[in-house]
Amino acid sequence: MRKGYFITLEGPDGAGKTTQLQRLLTFAQQYGFETVNTREPGGTPVGDAVRGILLDPQYGEMIPLTEALLYAASRAQLVHEVIGPALDAGKVVICDRFIDSSLAYQAYGGELDFDFVLRTNVAAINGYMPDQTFILDLNPKEGLARRDASLADRMEQKSLAFHQRVREGFLALATRFPERIIVIAANRPVEDVFASIWENVGPALTALR
Ligand code: TYD
């Protein structure tokens with residue numbers, strides 16, 4: 001039985017998700033929660049192998065459908081091995097990207113059928129939908145500029161138009177699932193971004209104790 005609390009951080013490459021995840025972890029631990037943090041794609045031996053295929057620039061010919069299935073495969077394994085057991089044990093789980101990345105990147109960015117990507121991923125997550133999702137919203141131009149272009153992975157090498165569709169997709173998801181998703185403006189100092197996140201999740205976490 002699920003007793004913990006599941007938070008996901010979403011947004012474009014370079015929005016600062018990793019920094020915010022670390023802060024959130026520290027705060028949750030200070031409040032006495034046992035925490036688990038993980039990231040997608042990856043987080044399990046099978047998932048890390050799948051991640052290698054997904055991000056390797058040598059597989060430029062990979063079509064969006066293949067991508068969607070591989071991301072979902074990595075997710076299914078992560079839910080089975082890590083996220084599900086941690087939530088069942090009452091832990092706070094914080095994941096860097098989850099189902100909404102597939103909806104934004106593969107359905108909106110890759111222009112796959114939205115309901116297909118949703119159904120595939122609902123199967124992959126086996127009931128473990130996040131309790132709270134934060135989308136760190138940023139203009140893709142700014143996000144990609146924060147990265148070293150010579151180190152861009154296969155996803156980062158996609159066109160600016162792709163990344164603009166991804167951003168629109170994330171914002172559309174927030175409108176579609178308003179009870180779960182909150183959009184946070186990420187083009188602000190790290191402290192301010194974190195204050196907006198904590199303001200929205202702190203009360204729910206403290207209510208758990
Ligand atoms: P990663 O290096 O983890 O990106 P970041 O540090 O920005 O989180 O690479 C993950 C890439 O995979 C990123 O470009 C987003 C993409 N992605 C999808 O397209 N679909 C998905 O379901 C997930 C989880 C990630």
Side-chain angles (χ1 to χ4, degrees), residues 6-22 24 37-44 46-57 59-60 62-79 82-83 93-114 116-125 128-130 133-170 172-173 181 184 186-187 193:
F6 186 17
I7 303 167
T8 57
L9 295 178
E10 298 277 6
D13 303 279
K17 292 188 300 301
T18 313
T19 309
Q20 297 299 333
L21 185 144
Q22 290 305 334
L24 207 42
N37 73 310
T38 186
R39 68 158 184 190
E40 285 210 333
T44 64
V46 170
D48 287 337
V50 173
R51 178 185 175 90
I53 301 171
L54 276 165
L55 300 184
D56 190 336
Y59 300 129
M62 192 185 298
I63 58 171
L65 176 59
T66 308
E67 249 174 29
L69 295 171
L70 287 175
Y71 279 113
S74 168
R75 182 162 302 131
Q77 195 69 28
L78 183 66
V79 168
V82 179
I83 294 175
V93 177
I94 309 177
C95 192
D96 186 344
R97 298 192 181 282
F98 197 61
I99 185 168
D100 301 296
S101 276
S102 282
L103 295 169
Y105 283 80
Q106 280 66 57
Y108 284 91
E111 299 180 309
L112 286 182
D113 179 66
F114 183 88
F116 166 75
V117 180
L118 182 61
R119 267 187 284 116
T120 309
N121 278 281
V122 163
I125 70 176
Y128 291 94
M129 193 58 93
T133 297
F134 293 101
I135 290 175
L136 304 190
D137 179 50
L138 192 66
N139 183 328
K141 272 191 197 155
E142 270 182 68
L144 295 173
R146 290 186 189 181
R147 294 289 173 101
D148 178 346
S150 66
L151 299 177
D153 65 35
R154 197 182 58 82
M155 297 303 290
E156 288 167 345
Q157 286 177 1
K158 292 191 189 247
S159 67
L160 186 58
F162 174 92
H163 288 283
Q164 265 151 356
R165 287 198 299 279
V166 170
R167 182 193 198 185
E168 293 310 315
F170 275 129
L173 288 168
I181 301 182
I184 305 277
N187 60 344
V193 173

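Note: hydrogens, waters and symmetry copies are ignored here, and every other heavy atom, side chains too, is used. For ligands, and for the atoms within them, numbers begin at 1 and follow the listed sequence.
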S.K.: Identify which of Arg97, Arg51, His163, Met155 has a heavy atom lying nearest to atom 1 (P) of ligand 1.
M.R.: Arg51

S.K.: For ligand 1, is any non-hydrogen atom under 4.0 Å from Leu55's backbone (N, CA, C, O), its side chain (CB onward), both, or neither?
M.R.: side chain

S.K.: List the closest protein heavy-atom neighbour of atom 22 (O) of ligand 1: residue, atom name, distance to the nearest 0.1 Å.
M.R.: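 Among all protein heavy atoms, the one nearest atom 22 (O) of ligand 1 is Ser102 OG, 2.6 Å.
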
S.K.: For Tyr71, is at least one N or O under 3.5 Å away from an N or O on ligand 1?
M.R.: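 Min N/O separation from ligand 1 is below 3.5 Å for Tyr71.
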
S.K.: Specify the closest pair of heavy atoms between Arg97 and Phe170, including all atoms of both residues, with the distance to one decimal.
M.R.: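 Reported closest heavy-atom pair: NH1-CZ, 4.3 Å.
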
S.K.: Tell me, do Phe98 and Ile83 make a side-chain contact under 4.5 Å, heavy atoms counted?
M.R.: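 A side-chain contact under 4.5 Å exists here.
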
S.K.: Checking side chain to side chain contact (heavy atoms under 4.5 Å, CB included) for the pair Arg146/Leu138: CA distance, chi angles, key distance, verdict?
M.R.: CA-CA 11 Å; Arg146 290 186 189 181; Leu138 192 66; 3.8 Å; yes

S.K.: Do the ring planes of Phe162 and Tyr105 sit parallel (below 30°), tilted (30 to 60°) or perpendicular (above 60°)?
M.R.: tilted

S.K.: Under the side chain to side chain contact (heavy atoms under 4.5 Å, CB included) rule, what do Glu40 and Thr8 come out as? Steps first, then yes or no, please.
M.R.: CA-CA 10 Å; Glu40 285 210 333; Thr8 57; over 6 Å; no

S.K.: If we ignore hydrogens and angles and just use 3.5 Å, is the side chain of Glu156 paired with the main-chain N or O of Asp153 as donor and acceptor?
M.R.: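 Answer holds: yes.
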
S.K.: Students should be able to answer this: which protein heavy-atom is nearest to atom 24 (C) of ligand 1, and at what distance?
M.R.: Arg75 NH2, 3.4 Å

S.K.: For atom 14 (O) of ligand 1, grab the closest protein heavy atom and report residue, atom and distance to one decimal in Å.
M.R.: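 Looking at atom 14 (O) of ligand 1, the protein heavy atom closest to it is Asp13 OD1, 2.9 Å.
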
S.K.: Side chain, backbone, both or neither: which part of Gln106 has a heavy atom under 4.0 Å from ligand 1?
M.R.: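 Under 4.0 Å from ligand 1, Gln106 contributes side-chain atoms alone.
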
S.K.: Classify the contact between Lys17 and ligand 1 as side chain, backbone, both or neither, using a heavy-atom distance cut-off of under 4.0 Å.
M.R.: side chain

S.K.: Which residue supplies the protein heavy atom nearest to atom 10 (C) of ligand 1, what is that atom called, and how far is it?
M.R.: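 Nearest neighbour among protein heavy atoms for atom 10 (C) of ligand 1, to 0.1 Å: Pro41 CD, 3.8 Å.
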
S.K.: Could you tell me whether Arg147 approaches ligand 1 through its side chain, its backbone, both or neither, with non-hydrogen atoms closer than 4.0 Å?
M.R.: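 For Arg147, only side-chain atoms sit under 4.0 Å from ligand 1.
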
S.K.: Do Arg39 and Thr18 come within less than 4.5 Å of each other through their side chains, counting heavy atoms only?
M.R.: no

